[in-house]
There are 2 protein chains.
Amino acid sequence: MNKESGGRRVQATMTSLEIVEMLRELDGARVTELAEALDLSPSTVHTHLSTLVDADYVVKSGDIYHLSLHFLGLANYVRNRRNAYAIADSYTDQLARETECRAVFVVEENGRGVYMYTYSGKHAVWKYSTVGKRFHLHQTAAGKAILSQLPRERVIDIVEEWGLPAGTENTTTDQSVLLEELEAVEERGVAFNDEEQLEGVKAVGVPVDGSDGRVVGAFSVASPANRMTEDRFKKEIPKTLLGVANEFELENSMS
Amino acid sequence: MNKESGGRRVQATMTSLEIVEMLRELDGARVTELAEALDLSPSTVHTHLSTLVDADYVVKSGDIYHLSLHFLGLANYVRNRRNAYAIADSYTDQLARETECRAVFVVEENGRGVYMYTYSGKHAVWKYSTVGKRFHLHQTAAGKAILSQLPRERVIDIVEEWGLPAGTENTTTDQSVLLEELEAVEERGVAFNDEEQLEGVKAVGVPVDGSDGRVVGAFSVASPANRMTEDRFKKEIPKTLLGVANEFELENSMS
DNA sequence: CCATATATTCGGTAGACCCGAACTTTATAT
DNA sequence: ATATAAAGTTCGGGTCTACCGAATATATGG
């Protein structure tokens with residue numbers, strides 16, 4: 001009874017949101033383009049666009065329509081909705097600086113991971129490019145860190161909903177193996193990703209809990225495998241991460 | 001022919017978007033709450049919410065509905081849509097560190113300013129709280145910096161659309177005075193805000209132009225008036241800002 | 001200046017949105 | 001435990017509207 005269960009939907013809203021997504025995908029578009037891409041009449045698209053422009057979700061320059069900066073405000077809201085999310089930002093940055101690796105803070109939503117903050121140690125090239133992107137929890141260090149803190153029945157629900165697709169040949173694709181791994185993660189307090197999501201990328205993750213004991217998210221630090229010595233991977237980075245997680249939980253508990 | 005001109009709108013989309021805005025305003029809500037707040041029947045609200053949940057714009061936990069992290073992805077897209085926006089981030093951060101003040105990067109959309117990045121020099125308290133917020137261009141240093149780079153007829157259009165409301169008794173509320181001021185700003189390359197938006201807050205702003213010569217946005221640095229000496233306000237901060245704007249334009253032109 | 005393509009407006013109808021009522025579930029109090 | 005209430009959810013039906021297609025306006029290039 002999970003996905004798209006029974007009830008009714010508002011067709012017009014779905015159309016408008018499809019236009020929004022298509023505007024992102026096409027990086028701005030004209031009426032006709034959208035009409036063709038979505039198999040709608042231009043007049044229909046035009047009416048939807050006018051509505052979205054009025055509501056400030058879309059801007060029109062010439063005949064090209066683009067998503068507006070209104071989404072910045074909405075994103076800012078969802079990011080700061082929980083105090084824990086707000087303070088995670090600077091810790092992620094700190095992690096990236098200390099380790100000189102890519103550091104991220106991720107949370108779980110609907111059984112999947114979402115990148116909330118991403119910082120790179122050195123050059124800020126693809127600094128923000130993955131913010132908001134979703135990923136499979138079982139493929140990453142941060143994801144497994146989060147899973148380790150969830151009730152096992154919830155983990156099983158998530159596996160049933162999203163499956164255990166492989167990212168590389170190292171990905172854990174068996175449920176019982178995953179569950180055993182999560183026990184180990186819970187024990188250690190640290191999760192590892194040994195080229196399980198992407199070839200050549202290793203990562204370490206730690207969960208962070210709220211004052212109610214429930215997991216809020218996870219930090220992780222990733223690096224190209226060839227720049228990551230075994231000692232750094234298994235000792236040094238985990239230690240840094242656990243330290244930051246502790247600081248975070250302390251600050252978070254004081255509010 | 002500007003605001004809500006003639007044409008038709010999609011009523012259902014407007015309703016869905018009102019629900020989205022209301023979810024932000026109420027910081028999450030139940031069906032009945034929304035129905036009362038928007039004067040709709042609970043069944044109608046329920047159908048809209050189901051649609052939004054399916055589309056991943058809203059999440060449901062228990063009987064409470066919240067905006068989802070999907071907006072992070074959309075915001076990330078609009079932020080990185082223009083390369084200039086993407087690289088402005090680290091310069092804003094740098095400004096905040098160098099000046100130990102609050103530094104922001106803003107752009108213009110539909111005749112108003114939008115905060116795109118905001119950093120505080122010291123403690124990260126309300127670090128992100130204004131991202132995405134809109135403001136009147138004539139009341140701020142960054143806003144006037146942007147206006148100074150726009151064709152004067154465009155400025156007049158903007159004034160006609162949004163007026164010149166006062167934020168404090170120092171706000172420029174007369175169009176011809178504003179236009180004169182913009183000439184001075186263009187000459188100097190720097191704009192000042194002498195407690196014109198908020199009592200007790202001074203700021204300095206500089207515009208940044210794209211390689212096509214059109215303004216992309218503006219940086220500004222703000223500080224409590226009593227911590228800002230005349231020399232810092234009129235000399236030191238402007239110099240820092242102009243330097244950063246130059247670096248920015250250089251990097252931006254190489255892509 | 002004409003030809004072409006696209007944006008926008010507008011009439012009419014098929015169909016969907018909205019309400020209200022019935023039903024289900026969850027919470028509270030006796 | 002049971003009753004009572006309140007909220008969430010489903011579903012039928014009527015009205016309104018979202019959609020299309022054609023006509024008109026606007027922009028582009030030959």
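These numbers come from the heavy atoms of this one structure, side chains and all, not from hydrogens, waters or symmetry mates.
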Side chain of [X] - closest among [options]:
X: B:Arg30; options: D:dC19, C:dT9, D:dA7; value: D:dA7
X: B:Ser41; options: C:dC19, C:dT8, C:dT9; value: C:dC19
X: A:Ala12; options: D:dC20, D:dA18, D:dT10; value: D:dA18
X: B:Lys60; options: D:dT9, D:dC20, D:dA18; value: D:dT9

Separation of [X] atom [atom1] from [N] atom [atom2], in whole Å?
X: A:Gln11; N: D:dC20; atom1: CD; atom2: P; answer: 10 Å
X: A:Asp39; N: D:dC20; atom1: CG; atom2: C1'; answer: 12 Å
X: B:Ile64; N: D:dA7; atom1: CD1; atom2: C1'; answer: 11 Å
X: B:Arg9; N: D:dC19; atom1: CZ; atom2: C1'; answer: 16 Å
X: B:His46; N: C:dA22; atom1: NE2; atom2: C1'; answer: 15 Å
X: A:Leu49; N: C:dT6; atom1: CG; atom2: P; answer: 16 Å
X: A:Met14; N: C:dA16; atom1: CE; atom2: C1'; answer: 13 Å
X: A:Leu34; N: C:dT6; atom1: CG; atom2: C1'; answer: 13 Å

Just to confirm, is there a sub-4.0 Å distance from OP1 or OP2 of [N] to any side-chain nitrogen or oxygen of [X]?
X: B:Thr44; N: C:dC18; answer: no
X: A:Thr15; N: D:dA18; answer: no
X: B:His48; N: C:dC17; answer: no
X: A:Tyr65; N: C:dT6; answer: no

Quiz item: What do the steps show when you test B:Thr173 against B:Thr171 for side chain to side chain donor-acceptor pair (under 3.5 Å), and what is the final call?
Solution: CA-CA 6 Å; B:Thr173 55; B:Thr171 310; over 6 Å; no
Self-check item: Check: A:Phe105 ring centroid to A:Tyr91 ring centroid under 6.0 Å
Solution: no
Quiz item: Do you know the tightest heavy-atom contact between A:Arg152 and A:Leu150?
Solution: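 So the two residues come closest at NH1-O, 2.9 Å.
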Practice problem: Search all heavy atoms of A:Pro207 against all heavy atoms of A:Val215 and return the closest pair with its distance. | Solution: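 Taking A:Pro207 first and A:Val215 second, the nearest heavy atoms are CB-CG2, 4.3 Å.
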Self-check item: B:Tyr117 side chain vs B:Tyr85 backbone, donor-acceptor pair below 3.5 Å
Solution: yes
Quiz item: For B:His136, which residues count as a ring pair (Phe, Tyr, Trp, His ring centres under 6.0 Å) partner, sequence neighbours excluded?
Solution: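 Per chain and number, B:His136 pairs via ring pair (Phe, Tyr, Trp, His ring centres under 6.0 Å) with B:His138.
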Exercise. Go through the N and O atoms of the side chain of A:Arg8 and the base of C:dG15, and report whether any donor-acceptor pair is under 3.5 Å.
Key: no
Quiz item: Is the number of heavy atoms from other residues, nucleotides or ligands under 6.0 Å of A:Asp39 CG greater than 12?
Solution: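 Not buried by this count: 12 neighbours or fewer within 6.0 Å.
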Self-check item: Letter per nucleotide, 5' to 3', of nucleotides 25-30 of chain D [B base touched, S only sugar-phosphate touched, - untouched; heavy atoms, 4.0 Å]
Solution: ------
Exercise. Between A:Thr13 and A:Pro42, just flag the one whose closest nucleotide in DNA chain C comes earlier from the 5' side.
Key: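 With A:Thr13 and A:Pro42 compared, the 5'-side residue is A:Pro42.
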Quiz item: Relative to each other, are the rings of B:Tyr57 and B:His70 parallel, tilted or perpendicular (30° and 60° limits)?
Solution: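 Geometry flag for B:His70 against B:Tyr57: tilted rings.
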